[in-house]
Amino acid sequence: VASGTAVGTIVDQFSLDEHEGFLRVAANMSEQIEDGWWGQRVNSNHVQVMREFNGALEVIGSTGELSANERIQSSRFMGKKGYVVTFRQTDPFFTLDLSDPAHPRKVGELKIPGFSTYIHPIDENNLLAIGEHRNEDGGWSGRALKLTLFDVSDFANPKEKFTQIIGTSSSYSEAAWDHRAFNYFAEKKLLAIPYTDYSYQWSDGDFWGHFVSELRGFSIDLDTGITAKRAVSMADCFKDSGRTQWSYWWTPYIRRSVMADDYVYAVTDAGIRVAGIGSLSTPIAT
């Protein structure tokens, strides 16, 4: 039907969204301002709105730069509202008014340590996000996984309503980078995410002895917050395999989860394990 060009590069499929015939694009830009191999680069970012005109997809509006010299880490569009997270040292969480496609505008801003990499709508006023916690200066020593419940009922003044820091600086979850591993079961207000942590001890040479691979459950309550529940552990499956090599087709952590009725399934390259929602740490079968 039409094609066109928006300036910049996108992060993922949530960077693009269509609403009532308008395409919204959250994009990063990078410009080299000094010559040479080590020349300084400056980052910028914006949300553009595009519409089809006579076979061409044209930009009709832009927010302009949202946050100078930062990069967009995640975004989410919900009807005439938008949400964007950028990062350099702290996490500016922006709320956007997209009701006038020709004049999209930044409305609110919240700065907190770290950044969110995936934003999941709970309802119109609450967003659940996963990402990384960092030090106030952006440093890695305080790094850990982080769950955040944002309250956007006051659109001009978004709030970090509840937060949960998970693991150590070595912690990892595929849900932070692939939304298909982020499993929110709205009916039971339960979130399940893969969780991996690892601390190799050269002194004992035990490759798997300090390895954690779990499907962690969290209760999500808009009034009481994020509460950690028990976990389905899969570390023993990898330890029993006798393998210590990681590859693109065999990785020692949980990749996906499935919640069906009162059961949770953890899916890994080493096997599948099922447990009851009320007793995650007591597997039924593997």
Side-chain angles (χ1 to χ4, degrees), residues 6-30 42-51 57-134 136 138 146-163 179 184 220 222-223 225-226:
V7 177
T9 58
I10 65 172
V11 175
D12 53 30
Q13 63 266 53
F14 299 103
S15 303
L16 297 168
D17 180 81
E18 183 274 333
H19 180 69
E20 297 181 348
F22 297 96
L23 179 67
R24 290 83 69 91
V25 185
N28 287 312
M29 295 163 291
S30 181
V42 174
N43 296 318
S44 59
N45 45 77
H46 58 197
V47 171
Q48 293 179 304
V49 180
M50 306 181 77
R51 187 178 185 180
L57 200 58
E58 298 181 359
V59 175
I60 64 166
S62 175
T63 59
E65 186 171 66
L66 294 172
S67 186
N69 207 24
E70 296 193 346
R71 294 188 61 79
I72 292 175
Q73 300 292 326
S74 60
S75 55
R76 194 77 192 225
F77 297 95
M78 298 170 60
K80 296 180 180 180
K81 296 179 179 179
Y83 306 95
V84 171
V85 169
T86 65
F87 179 73
R88 185 183 183 191
Q89 289 185 337
T90 57
D91 169 359
F93 173 86
F94 298 106
T95 59
L96 308 176
D97 180 357
L98 306 172
S99 57
D100 181 355
H103 301 93
R105 63 188 183 91
K106 179 172 64 176
V107 177
E109 178 179 351
L110 171 67
K111 289 189 176 182
I112 52 179
F115 55 91
S116 302
T117 54
Y118 172 65
I119 303 170
H120 186 88
I122 299 296
D123 58 28
E124 185 178 352
N125 295 319
N126 295 275
L127 308 171
L128 180 61
I130 187 172
E132 292 188 7
H133 176 74
R134 296 285 183 88
E136 291 286 350
K146 181 181 181 180
L147 294 173
T148 303
L149 193 59
F150 291 106
D151 181 348
V152 293
S153 54
D154 182 352
F155 204 61
N157 298 285
K159 297 178 181 178
E160 186 183 49
K161 194 173 183 179
F162 299 106
T163 187
H179 73 280
Y184 179 65
I220 308 298
L222 300 183
D223 295 319
I226 305 168

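Excluded from the calculations below are hydrogen atoms, water molecules and symmetry mates; all remaining heavy atoms, backbone and side chain alike, are included. Throughout, numbering of the chain's residues begins at 1 and tracks the sequence.
When all heavy atoms of Arg51 and Gly21 are compared, the closest pair comes out as CG-O, 3.9 Å. For the residue pair His120 and Arg76, the shortest heavy atom distance occurs at CA-NH1, 4.2 Å. Among all heavy-atom pairs drawn from Ala6 and Val25, the shortest one is CB-CG1, 4.3 Å. Across all non-hydrogen atoms, the minimal contact from Asp123 to Leu222 is OD2-CD1, 3.5 Å. The two residues Ser15 and Ile10 have their closest heavy-atom pair at CB-CB, 3.5 Å.
Although no hydrogens or angles enter the test, the distance criterion places no donor-acceptor pair under 3.5 Å between the side chain of Ser74 and the main chain of Ile119. Side-chain N or O atoms of Asn28 include one that pairs as donor or acceptor with a backbone N or O of Ile72 at under 3.5 Å. At least one donor-acceptor pair under 3.5 Å links the side chain of Gln48 to the backbone N or O of Val7. Asn45 contributes a side-chain N or O that, together with a main-chain N or O of Ser67, makes up a donor-acceptor pair within less than 3.5 Å. Between the side chain of Ser75 and the main chain of Phe14, a donor-acceptor pair closer than 3.5 Å is present. Not one N or O on the side chain of Ser153 forms a donor-acceptor pair closer than 3.5 Å with the backbone of Asn125. Asn126 places no side-chain N or O within 3.5 Å of a backbone atom of Asp151 that could act as its donor or acceptor partner. A distance-only check finds no donor-acceptor pair linking the side chain of Ser116 to the backbone of Gln73 [under 3.5 Å].
The structure places NE2 of His103 at 9.5 Å from CD1 of Ile60, a figure rounded to the nearest 0.5 Å. Atom CD of residue Glu18 and atom CE of residue Met50 lie 13.0 Å apart, to the nearest 0.5 angstrom. Leu96 contributes atom CG, which lies 9.5 Å from atom CZ of Arg24 (distance to the nearest 0.5 angstrom). Taking OG1 from Thr95 and OH from Tyr83, the interatomic distance works out to 7.0 Å, rounded to the nearest 0.5 Å. Taking NZ of Lys81 as the start and CZ of Phe155 as the end, the distance is 5.5 Å to the nearest 0.5 Å. Distance check, rounded to the nearest 0.5 Å: CZ of Arg105 to CG of Leu66 gives 13.0 Å.
Looking at Leu110 and Phe150, their side chains come closer than 4.5 Å, going by heavy atoms from C-beta outward. Taking 4.5 Å as the limit, every side-chain heavy atom of Ile112 sits out of range of all side-chain heavy atoms of Phe93. In this structure, the side chains of Phe115 and Lys146 stay at 4.5 Å or more apart for every pair of heavy atoms. Taking 4.5 Å as the limit, some side-chain heavy atom of Val47 sits within range of a side-chain heavy atom of Phe77. At a threshold of 4.5 Å between non-hydrogen side-chain atoms, the residues Ile220 and Ile226 count as touching. Side-chain contact between Tyr184 and Ile122 is present, with at least one heavy-atom pair separated by less than 4.5 Å.
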Might you work through the side chain to side chain contact (heavy atoms under 4.5 Å, CB included) test for Lys159 and Asp154, ending with a clear yes or no?
CA-CA 8 Å; Lys159 297 178 181 178; Asp154 182 352; 5.8 Å; no

For His179 and Gln13: C-alpha separation, side-chain torsions, deciding distance, then whether side chain to side chain contact (heavy atoms under 4.5 Å, CB included) applies.
CA-CA 10 Å; His179 73 280; Gln13 63 266 53; 2.9 Å; yes

Test side chain to side chain contact (heavy atoms under 4.5 Å, CB included) applied to Phe22 and Leu98, step by step:
CA-CA 10 Å; Phe22 297 96; Leu98 306 172; over 6 Å; no

Steps toward side chain to side chain contact (heavy atoms under 4.5 Å, CB included) verdict (Met29, Glu65)
CA-CA 10 Å; Met29 295 163 291; Glu65 186 171 66; over 6 Å; no

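Among Glu70, Arg71, Arg134, the single residue meeting the side-chain contact (heavy atoms from CB on, under 4.5 Å) criterion with Phe87 is Arg134.
Residue-environment remark: NZ (Lys161) exceeds the threshold of 12 foreign heavy atoms within 6.0 Å.
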